[in-house]
Structures are given as C-alpha cells and as structure tokens.
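The next block holds one structure in the form of structure tokens; read it before the comments.
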There are 2 protein chains.
Amino acid sequence: MPEPKYQRIADDLLLQIDQGALRPGDRLPSEPELSEAYAASRNTVRLAIASLMNRGLVVPRQGLGTFVAEEIIPYTVRLSAEQGSQEGSQGGAYVSAVKMAGRNPEILRFVVEVQHAADDVAERLDIPAGESVVVRHAERLIDGQPWSMLTSYYPMDIASGTPLERAGHIAHGAIRLLAELGHEQISYRDEITARMPDLTEYNFFHLPGGVPIIAVDRTAYDAQRPIRFTRHIYPADRNRMAYDLGTLPDRYAGLPKQPPRPPGRPGSTQRAS
Amino acid sequence: MPEPKYQRIADDLLLQIDQGALRPGDRLPSEPELSEAYAASRNTVRLAIASLMNRGLVVPRQGLGTFVAEEIIPYTVRLSAEQGSQEGSQGGAYVSAVKMAGRNPEILRFVVEVQHAADDVAERLDIPAGESVVVRHAERLIDGQPWSMLTSYYPMDIASGTPLERAGHIAHGAIRLLAELGHEQISYRDEITARMPDLTEYNFFHLPGGVPIIAVDRTAYDAQRPIRFTRHIYPADRNRMAYDLGTLPDRYAGLPKQPPRPPGRPGSTQRAS
DNA sequence: CAGTGGTCTAGACCACTGC
DNA sequence: CAGTGGTCTAGACCACTGA
C-alpha cells in the first residue's frame, strides 16, 4: 500500500477544502460518517483529521463536529519606525497605532520584576549572563482578543532608580523616558523567528492547532550601547509584520486595509501531508 | 479524569527533555516500553508521542526509535539593505552574503515563466488581477541543504523584451538590470508571515513535523510605482530574519556568529500540550 | 435525548533497521 | 533475525452540545 488509507482520506478532504466543496465554517462529515464512507475504522478517520488539524485547516468542536477553519484578517504590525516618531513598546505608540486602525487596544497583566539575565538576553544587552535586569512584561488585546505578549529587558544601571523598575505605565513611553535619562534610542536591530507555541503562549492566545507564533526580538541602541531588549510574541494567524525601507511612493505608503489572501506558493494550493 | 493519560505521558517526556534527562539525539524508550511503564495501550503512547512530534521536539526514525530533536544553528538573513548596496534576490547579493558567512551557496531549479497574477500579487504590483506577469522562481541551498525558495513577479511592461523574461541568471543581479531599464529601486516594503508548510515546501525542505515556514513578501518600488514583488519562503528551524534600522554602534553592527538559544519566554520552558 | 468528538484498550500485520 | 515505528481494526465509555 503505497498510500496509507488515512492519508488518502486526508488528501480527499483537503481537495474538497481547496476546491471549495467545503468552505470555511462548514462542518465536515462526522467521524462515523467518514468511517462508513471510506470503509475505514474510526481511528483511521481520526488520524486523517488529525493531520488536517496539525496544519490548522480544520477545527474540532466537542459535541458539534469538525469545521473548516475560518479565514482571519491579519493585523499588520508596522515595525519600521517613521523618522521622528520612534515606535514604542508598552507605550503610547501601540495604543495610538491600533486606535488609528479603528480597533480597540487593551493591556493586560502588566508585570515588572528583576531577573537574572538568561544567555540570549545577556548577549543582546552585552552584559554578563546572570546579571540582574529589569523586566517589564505586558499582554495586549485588540478588540478583546489576545493579540501579543511582550517582555522588555533593561540593564540594571540604566533602569535602576527610575520609573522603569516600578510597576505602572510610563507617562510618555519608555523611549521618551530613556532619552530623558540620557539614552536616546538612535537605532535598533530586529531579529524575527517563528516556531510552534509553548504552553503559556498556547493558553494565552487560545491558539488552534497548526498555528505558529512569530517572535520579534528587538535590541535598541543609543549612540554607544544596547539600552533595551524586547521580545514580542505574536500569533501568526492574526498578525503580519511590515517593514518599509526607503521612501515609498506616496500612494503606496499606507498600509493595506483589506489584506489579500495569506501567502502560499501561487499556483499550488496543496498542503503537506 | 481531568488529565488525559496520553497528556500525562507527554508532559512526563517533555519534562525529561526540558530537564536534560533526555538530551538532543537521545532515543526515547520504545513504544512497548512506554506502554508498559505507564500502563497504557500502545495507541495511547503513540498519541503522547504524536503531540511531541507536532511541536518538533522529537523525531521518529523507522526501525530505529524516536529521538529527541537536535538543535539547529540558525542562519541569519539580513533583510535591511545597507546604504548603497541594495539587497538582491536571485542575484549576486545572496551568493556573496552566504560566502561571506563561510558557507556554500547553490541555486537549484531555476524556472522562468509567464503567469496570470493572483490577487495578492496583483495588489502588490498595483495591476489588475489576472494580468500577465513574468515569474522567476529559484530554490536555494546552503552547504547542500535546502534553505529557501523564492519567486519574483515582474509587471509585463517592465520585464517584456528584457533578460528578465528569459531563463538564466541576470549578470549583475536583477536590481542593477532594473535600474538600467530606468526603474531604480529606491524603496521596498517587506511583509512577514509564518504558517505551517504546504506540500511543496514540506517536500523541498525535508521539514520535520512542528516546523513552520517564514514567508517574506517584498514589494520593491522605484520613485513612482512597484517594479517587483518577491516572495521568499524560509524554513523557520534554520533561519532567522534580521533588520537593522538606524546606525548601530560600530561594535554591534556585525551579525552574531554563534546565535544564542532560540527565543522562548525566559523563565518558562514549558510547551503547549 | 441522540449525536458529536475525546479518550482508551487489545489486539493485528506491515516495512524498515541493524546485527 | 529481533526490535523498532507505521498502519489499521473493532470495539468501549466518556464529556459535551443542541434540541
């Protein structure tokens, strides 16, 4: 048997989804129905469905059935700073950007603490591993939905004795505060990776199966040294990151309202089995 | 039973991996062994292992056993252009950048064709959907390993009658050629998303389970309009994207040689179940 | 209530690996 | 060859949902 039976079933369902016979929101045939239709045991049918779940194509709902995943309109996060208005982190920049997009931002579970720097944090801040750092953690919502988690790390010698090491919001944003402290942010490096979520992320974002997260690690510098390291975690199904480099022609400078369909390799909609 | 048995087994194995009792490359106990140890059926054990596979933590090898996934040192892709040396695509920029990192670049399956623009491509190029576009597709290797796939789309009126619509490499890179054609690239927008791989990507990259791909969609502009749209696909387990914005202090300007451990939420190594 | 997916068992045969 | 994971069956009981 060159093609396992469960894969044939999965391919068949996939085809129906791709061709539109099953549209987003539609219910799949129940497991007993599929079992009958393909002359397979229920376990085999479940294997097929599991492979679709792992790719985020279908979502099971207890007592109801299994449904083709709905398409989500991604929110575009602009990560390149316009001149003069550097992008903040916990600060007002996020709130105003989201409001401008006609959506409602909230901030949850704001936590401030002192930790020993892990290897990756220490390397970015150019301090010895294990050194104390001030950590500010926040969880953001948009329109009541969990949208991103972020954690900022400040070198102790910069944050110590400032509002940064105390809980609560920073009046005009952390970047402004850092500048007043003599550490004007003049550059940053972003490092972007993607992976499957860990348990915390999975729970916070209510992620369905088959949805990775995008991690944006931003190291901010003043003229001499790193002044802050921030890790943003975004669920990949409802976010996309954007960088504008150079000056775009005026009419293309805005962000698209209605983003086109999510990227795939055009001309082949087939998914991995 | 608040905790299903298969999840308890998965959590237990996860703990052993996190705590180092099982290190990368180690073989897990065989399924019959686990079945015995946890007083569970083999199917239940397999359920537990499947959940670890879906997160890319373990890799099964037929006839040998199931092994803890090896760590991979990611290659850092610098996506921000330095002034004066705009980043190319199929061109020499990639080859020289990789060589500079002491690795061996190759290009596979170079394909050039004319297609009708899909919605997303048409929107980026600001042309009507279905319009003809010149498509150039390439697959890249580094050190013999599949590393990225890229597809560039050119508006017909720009590429027509030029080397762009013919197969083969462009002498000094496509950007230089575009400039000579009167379309100097002065800016671009990158849009970054992540998702699970489709079948083509899965096969080309030899992806283990639980590894997403990163898609970088770059729209390049001259002073007036979009002149090219490029979609890069990178496997997320061996690549990270980097943007430098502003001028970094000299000693921090280079890319890190030995990247630190992959990002997670520091202080909690637990993964989703 | 009947129907759905979630969990679990106890078997079976196969293909592949290293010895 | 014996041991591994890959596939598959035919049952069972449960928790959850909507009517």
Side-chain angles (χ1 to χ4, degrees), chain A residues 1-13 17 22 25-70 202-203 206-210 272-273, chain B residues 1-13 17 22 25-70 202-203 206-210 272-273:
Chain A
M1 209 187 314
E3 268 276 278
K5 191 187 279 190
Y6 79 90
Q7 203 160 96
R8 230 191 56 68
I9 301 176
D11 289 349
D12 213 67
L13 291 172
I17 293 174
L22 288 171
D26 284 359
R27 211 202 77 182
L28 264 58
S30 74
E31 292 174 0
E33 279 166 3
L34 290 170
S35 185
E36 162 103 9
Y38 291 98
S41 77
R42 200 184 143 209
N43 272 350
T44 301
V45 166
R46 282 181 65 76
L47 246 191
I49 293 179
S51 95
L52 299 181
M53 287 195 303
N54 290 337
R55 288 173 262 158
L57 299 176
V58 301
V59 178
R61 275 187 267 169
Q62 265 255 19
L64 293 181
T66 304
F67 299 80
V68 179
E70 302 274 1
Y202 185 80
N203 291 332
H206 307 308
L207 282 171
S273 302
Chain B
M1 209 188 312
E3 267 276 279
K5 191 186 278 189
Y6 78 91
Q7 204 159 97
R8 229 192 56 69
I9 301 175
D11 289 349
D12 213 65
L13 292 172
I17 293 174
L22 288 170
D26 284 359
R27 212 202 75 181
L28 265 58
S30 74
E31 292 174 359
E33 280 167 2
L34 290 170
S35 185
E36 163 102 8
Y38 291 98
S41 77
R42 202 185 140 210
N43 272 351
T44 301
V45 166
R46 282 181 64 77
L47 246 191
I49 292 179
S51 94
L52 299 181
M53 288 195 304
N54 290 337
R55 288 173 261 158
L57 298 176
V58 301
V59 177
R61 274 186 269 172
Q62 266 253 18
L64 293 181
T66 304
F67 299 80
V68 179
E70 303 274 1
Y202 186 79
N203 291 331
H206 307 308
L207 282 172
S273 304

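- Taking a 6.0 Å sphere around CD of A:Glu33, one finds it holds more than 12 heavy atoms contributed by other residues, nucleotides or ligands.
- Between A:Thr44 and A:Tyr38 the shortest side-chain heavy-atom distance does not fall below 4.5 Å.
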Under-3.5 Å N/O pairs linking protein and nucleotides 16-19 of chain D:
| unit_1 | atom_1 | unit_2 | atom_2 | d |
| --- | --- | --- | --- | --- |
| D:dC16 | O4' | A:Gln62 | OE1 | 3.3 |

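- Remark: A:Leu47 pairs with A:Tyr6 by the side-chain contact (heavy atoms from CB on, under 4.5 Å) rule, at least two apart or across chains.
- B:Leu22 approaches B:Arg27 most closely through the heavy-atom pair CD2-O, 4.1 Å.
- Taking side-chain N and O atoms only, B:Lys5 has a distance below 4.0 Å to OP1 or OP2 of C:dT9.
- Among residues two or more places apart in sequence or in another chain, the side-chain contact (heavy atoms from CB on, under 4.5 Å) test is passed with B:Gln62 by none.
- Near-neighbour residues of DNA chain C inside residues 26-37 of chain B, defined by a heavy atom below 4.0 Å, are absent.
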### Query
Run the side-chain contact (heavy atoms from CB on, under 4.5 Å) check on A:Val58 and A:Ile17 step by step: do they pass?
CA-CA 10 Å; A:Val58 301; A:Ile17 293 174; 4.0 Å; yes
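- The line from CZ of B:Arg42 to CG of B:Leu34 is 11.0 Å long, rounded to the nearest 0.5 Å.
- Taken together, the paired segments of DNA chain D that extend over three or more consecutive Watson-Crick or G-U pairs, each closer than 3.5 Å at both contacts, are C:1-18 with D:1-18.
- Residues from residues 38-49 of chain A lying near DNA chain D, meaning a heavy-atom separation below 4.0 Å, are A:Ala39, A:Ala40, A:Ser41, A:Arg42, A:Asn43, A:Thr44 in numerical order.
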